[in-house]
Q: 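Before we start, here is the structure in question, set down as structure tokens.
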Amino acid sequence: MASANPFNSILKTLEKPQGGEFGKYYSLPSLNDPRIDKLPYSIKILLESAIRNCDEFQVKSEDVEKIIDWENTSPKQVEIPFKPGRVLLQDFTGVPAVVDLACMRDAMNKLGGDSNKINPLVPVDLVIDHSVQVDVARSENAVQANMELEFQRNKERFAFLKWGSNAFDNMLVVPPGSGIVHQVNLEYLGRVVFNTNGVLYPDSVVGTDSHTTMIDGLGVAGWGVGGIEAEAAMLGQPMSMVLPGVVGFKLLGKLRDGVTATDLVLTVTQMLRKHGVVGKFIEFYGEGMSELSLADRATIANMSPEYGATMGFFPVDHVTLQYLQLTGRSDETIAMIESYLRANNMFVDYNEPQIEKVYSSYLQLKLEEVEPCISGPKRPHDRVPLKEMKADWHACLDNRVGFKGFAIPKESQDKVAKFSFHGTPAELRHGDVVIAAITSCTNTSNPSVMLGAALVAKKACELGLEVKPWIKTSLAPGSGVVTKYLQKSGLQRYLNQLGFHIVGYGCTTCIGNSGDIDESVASAISENDMVAAAVLSGNRNFEGRVHPLTRANYLASPPLVVAYALAGTVDIDFEAAPIGTGKDGKKIFFRDIWPSSEEVANVVQSSVLPDMFKATYEAITKGNPMWNQLSVPSGSLYAWSPTSTYIHEPPYFKDMTMSPPGPHGVKDAYCLLNFGDSITTDHISPAGSIHKDSPAAKFLLEHGVDRRDFNSYGSRRGNDEIMARGTFANIRLVNKLLKGEVGPKTIHIPTGEKLSVYDAAMRYKTAGQDTIILAGAEYGSGSSRDWAAKGPMLLGVKAVIAKSFERIHRSNLVGMGIIPLCFKSGEDADTLGLTGHERYTIDLPSCVSEIRPGQDVTVATDSGRSFTCTVRFDTEVELAYFNHGGILQYVIRNLIGSKQ
């Protein structure tokens, strides 16, 4: 049970310089522990959170000691609890989170509790940004046209989220059309330091999108998590995390003239991938920091998922404070932030002697060594210096199929596909650009590269260059601020002239919302097997992600996106070959249109103004006409529609009582699936298209949904009926029960029939029979996807026995009441002679107090073979969740006042 905070003795008052006080704070210097001074700044944020939330139940004094002793404990993979300051959602992941909160209110109401107690206990910021498609491009009316289509497709989801914003306290919903979640977070939502009920503490955030890390550029600790973890954090539960190692990344010098922040981040990504930083924090420091704008830092922090780190952190310094002023934060807020961070030794002042921090490993980069580059054609960390691009492209055509190869025969490499584009003769060659998109939170938050792109457009237009009309060009700013400074600079008209009209405000090409390319272009590519290219200012370029017909996808800075659109091909050496022919017949080269760093800086200085940020974000809170006209029900309980195929009440709390069910073992369970190693969350719960022959497709057709309107599993995450049917529906699934056959099927053991996984699971459930899953190593790796735990629970899976689990997925299973067990070292299903045709019994004590974290249990089979496994409940808090049947049930009973 929770008790008083043992660290209340270091709760101090932070005085204002002119008298009065900012509030109270937990003072790290008052611990008088010299180990704290050497801690990385990012680890100090974890330490402060543990001290402030210490209750000797969810967070213990020994957890605080683990963090203080980070230098010795981090190599040992110790786990700690972490309570973030707030939660960030986007709409794809926000819908199921709000569905769960609405269900919890219903359950609370049925149990006689106060349903209005179900509210986020930490601030929740939800930005609707994943639904805009680039259906209309190269048009002055693109923004309005695309938004109208967005609302037509997603009206039901939007209305549900709007209801949630009214029904729940502590939840802000930013309407569609406002911008990209991470740019809005950087420019508006990020607090840096919270003042809650008179207590000051550092802002920290977990988000249900991997690029939540962008906020690390502002000195706010943030990273991406799965939906169940986010919901738990919303409801005041701690996240269990491994205390990470921290790589110290020293930056020296300054970037050369004409080199962009995008060139820098692609270089850093390649370096960190090579170093190996999965599960680690990166902390940037050194004299080069003063040469990087806040927007440049955010660009680097944004791509943490691409270099594999949990986050890429930039501690708060004077550059941070200047950015807060620029973006319209009040003088008093900025004074509070600086005073608090200085008092807690968490502010970096480069005018003062620096205490040497201890890091797990070290890297160094001289900024003047960074050169212009792009990355591709299939991975973000496959960096190519611009001067080597033509040679690299030809190597890719030659190489066998892989991350750097297309295996195009020599005799086919010069093929020309002739076609007619709206009556105009046109040609396509391998490497020709068909999509050129200025997109993505990585770059659209950075005025230097956005205005740099506009300057390239201006120079090109003045010299008479044009972009071929069949290239799908688009500009999707991350916030309305970008539009304001492009207009103020007078440069937007040049982007328009080249076809880079604004298409909308949100996540577009980078996540595959590219829309269709012209039918004539698509046919020319498909019929001639051309390797067409997309060039985008995004952060991910995996094959098939940007567009099904662009096999080559290159990440580049916004000005380079414009340059490649003008060239019309990636098969070019910009140093040697002209980019096009000007209006006077003169050959125009790359150097003729590329702006100097000084030119860019001057335009940024004169065009990016604080009033733009204030005006943009004042307007956001007022919504837009289409959002404001959405009719939604009032009331704190949601009126579920029985006919909706997007929003449905899941059965998590069916038959729930006030008494916790207690621990459950497993008796005579059948094996639903028998897997090998590396089963990912995408195998378990795919996010992509719904296959026409799947159980989910059958359900949709039966409910009157045309096949063209199936949409994706990702967009239907608010409907458990569809997501349960989509569990283990991946067409690449390899299940040993099928003896080599690949696909989303299994054997129903009692009858020997081959059925879809969903149909087999329903047979077992109907017969009242438990099921388990056998698996190899790294079960649940990949994206931390909540439905990869929710789905198996709805199928009736009671336990997963694996060689090892991905950390987040294991905790998600616990959160949904599924028992995770690990085979003993050196053992697995094969070595134990298990075929999956046995029946399995797992005996657990009936009283939770008799179960210890990490204890051994015996698994017995009806074949007479028994073996020992380790139960992977790793903390007492997880045991409490299991005792209640899951984390959501635990929270409900706790709020009503049941005994733990």
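Heads up: numbering here begins at 1 and tracks the sequence.
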Q: Enter the distance from Ile282:CD1 to Tyr307:OH here, rounded to the nearest 0.5 Å.
A: 6.5 Å

Q: Show every salt bridge (Lys or Arg N to Asp or Glu O under 4.0 Å) that has at least one partner inside residues 580-599, sequence neighbours left out.
A: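 As it turns out, the salt bridge (Lys or Arg N to Asp or Glu O under 4.0 Å) pairs with a partner in residues 580-599, which skip direct neighbours, are Lys459-Glu599.
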
Q: So how far is it from Ile502 CD1 to Ser474 OG, rounded to the nearest 0.5 Å?
A: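 Reported to 0.5 Å precision, the distance equals 11.0 Å.
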
Q: Answer yes when Arg383 and Asp263 have at least one side-chain N-carboxylate O distance shorter than 4.0 Å, and no when they do not.
A: no

Q: Any side-chain donor-acceptor pair under 3.5 Å between Asp209 and His182?
A: yes

Q: Should we count NZ of Lys614 as having more than 12 external heavy atoms under 6.0 Å?
A: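 Atom NZ in Lys614 is not packed in, count stays at 12 or less.
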
Q: Which residues pass the side chain to side chain contact (heavy atoms under 4.5 Å, CB included) test with Leu255, sequence neighbours left out?
A: Val259, Leu264, Leu367, Val370

Q: Using 0.5 Å steps for rounding, measure from the CG atom of Leu252 to the CG atom of Leu365.
A: 8.0 Å

Q: Is there a donor-acceptor pair closer than 3.5 Å between any side-chain N or O of Asp216 and the backbone N or O of Gly222?
A: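 Answer holds: yes.
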
Q: Just jot down the side chain to side chain contact (heavy atoms under 4.5 Å, CB included) partners of His501, sequence neighbours excluded, or say none.
A: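 Listed in chain order: Arg138, Glu140, Asn496.
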
Q: Taking side chain as C-beta onward, heavy atoms only, is Tyr485 less than 4.5 Å from Val603?
A: no

Q: Quick one: does Asp296's side chain have a donor or acceptor within less than 3.5 Å of a partner on Ala261's backbone?
A: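 Between the backbone of Ala261 and the side chain of Asp296 there is no qualifying donor-acceptor contact (under 3.5 Å).
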
Q: Does a donor on one side chain sit under 3.5 Å from an acceptor on the other, for Glu306 and Thr269?
A: no

Q: Test Thr483 against Tyr505 for side chain to side chain donor-acceptor pair (under 3.5 Å), laying out the working first.
A: CA-CA 10 Å; Thr483 304; Tyr505 299 89; 2.6 Å; yes

Q: Is the number of heavy atoms from other residues, nucleotides or ligands within 6.0 Å of NZ (Lys488) greater than 12?
A: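 Counting neighbours around NZ of Lys488, 12 or fewer heavy atoms of other residues, nucleotides or ligands fall under 6.0 Å, so no.
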
Q: Please report the interatomic distance OG(Ser375) to CG(Asn553), rounded to the nearest 0.5 Å.
A: 12.5 Å

Q: State whether Lys410 and Asp398 are salt-bridged, where the test is any N-O pair (Lys NZ or Arg NE/NH1/NH2 against Asp/Glu carboxylate O) under 4.0 Å.
A: yes

Q: Taking only residues two or more places apart in sequence, or in another chain, which ones meet Thr444 in a side chain to side chain contact (heavy atoms under 4.5 Å, CB included)?
A: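 Result, side chain to side chain contact (heavy atoms under 4.5 Å, CB included) vs Thr444: Ile180, Gln183, Met450.
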
Q: Rounded to the nearest 0.5 Å, what separation is found between the NZ atom of Lys458 and the OG atom of Ser489?
A: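 With rounding to 0.5 Å, NZ (Lys458) is 10.0 Å from OG (Ser489).
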
Q: Regarding Lys387 and Asp573, does a basic nitrogen lie under 4.0 Å from an acidic carboxylate oxygen?
A: no

Q: What class does the angle between the rings of Phe284 and Phe249 fall in, given that below 30° is parallel, 30 to 60° is tilted and above 60° is perpendicular?
A: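 If you compare the ring of Phe284 with that of Phe249, the planes turn out tilted.
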
Q: By the definition side chain to side chain donor-acceptor pair (under 3.5 Å), identify the one residue from Asn443, Thr212, Thr213, Asn539 that meets it with Asn302.
A: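 Only one option passes, and that is Asn539.
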
Q: I would like to know whether Glu148 and Gln144 meet side chain to side chain donor-acceptor pair (under 3.5 Å); could you show each step before the answer?
A: CA-CA 6 Å; Glu148 287 174 2; Gln144 184 65 21; 3.1 Å; yes

Q: Decide whether a cation-pi geometry holds between Arg297 and Phe314; the criteria are a distance under 6.0 Å from NZ or CZ to the six-membered ring centre and an angle within 45° of the ring axis.
A: no

Q: Under the side chain to side chain contact (heavy atoms under 4.5 Å, CB included) rule, collect the residues that match up with Ala295, sequence neighbours excluded.
A: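 Once residues adjacent in sequence are excluded, the partners of Ala295 under the side chain to side chain contact (heavy atoms under 4.5 Å, CB included) criterion are Ser293, Asn446, Pro447.
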
Q: Hey, could you give me the SG/CG distance between Cys461 and Leu566, rounded to the nearest 0.5 Å?
A: 8.0 Å

Q: Begin from the C-alpha positions of Arg273 and Asp382 and carry the test salt bridge (Lys or Arg N to Asp or Glu O under 4.0 Å) through to its verdict.
A: CA-CA 10 Å; Arg273 270 280 173 183; Asp382 289 332; over 6 Å; no

Q: What pairs meet the salt bridge (Lys or Arg N to Asp or Glu O under 4.0 Å) rule with one or both residues in residues 498-527, with sequence neighbours excluded?
A: none

Q: I want to know whether Phe419 and Trp470 have ring centres closer than 6.0 Å.
A: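 Judged by ring-centre distance (under 6.0 Å), Phe419 and Trp470 do meet the cut-off.
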
Q: Does either side chain, that of Ser596 or that of Asp257, offer a donor lying less than 3.5 Å from an acceptor on the other one?
A: no

Q: Has Gln413 got more than 12 heavy atoms of other residues, nucleotides or ligands less than 6.0 Å from its CD?
A: yes

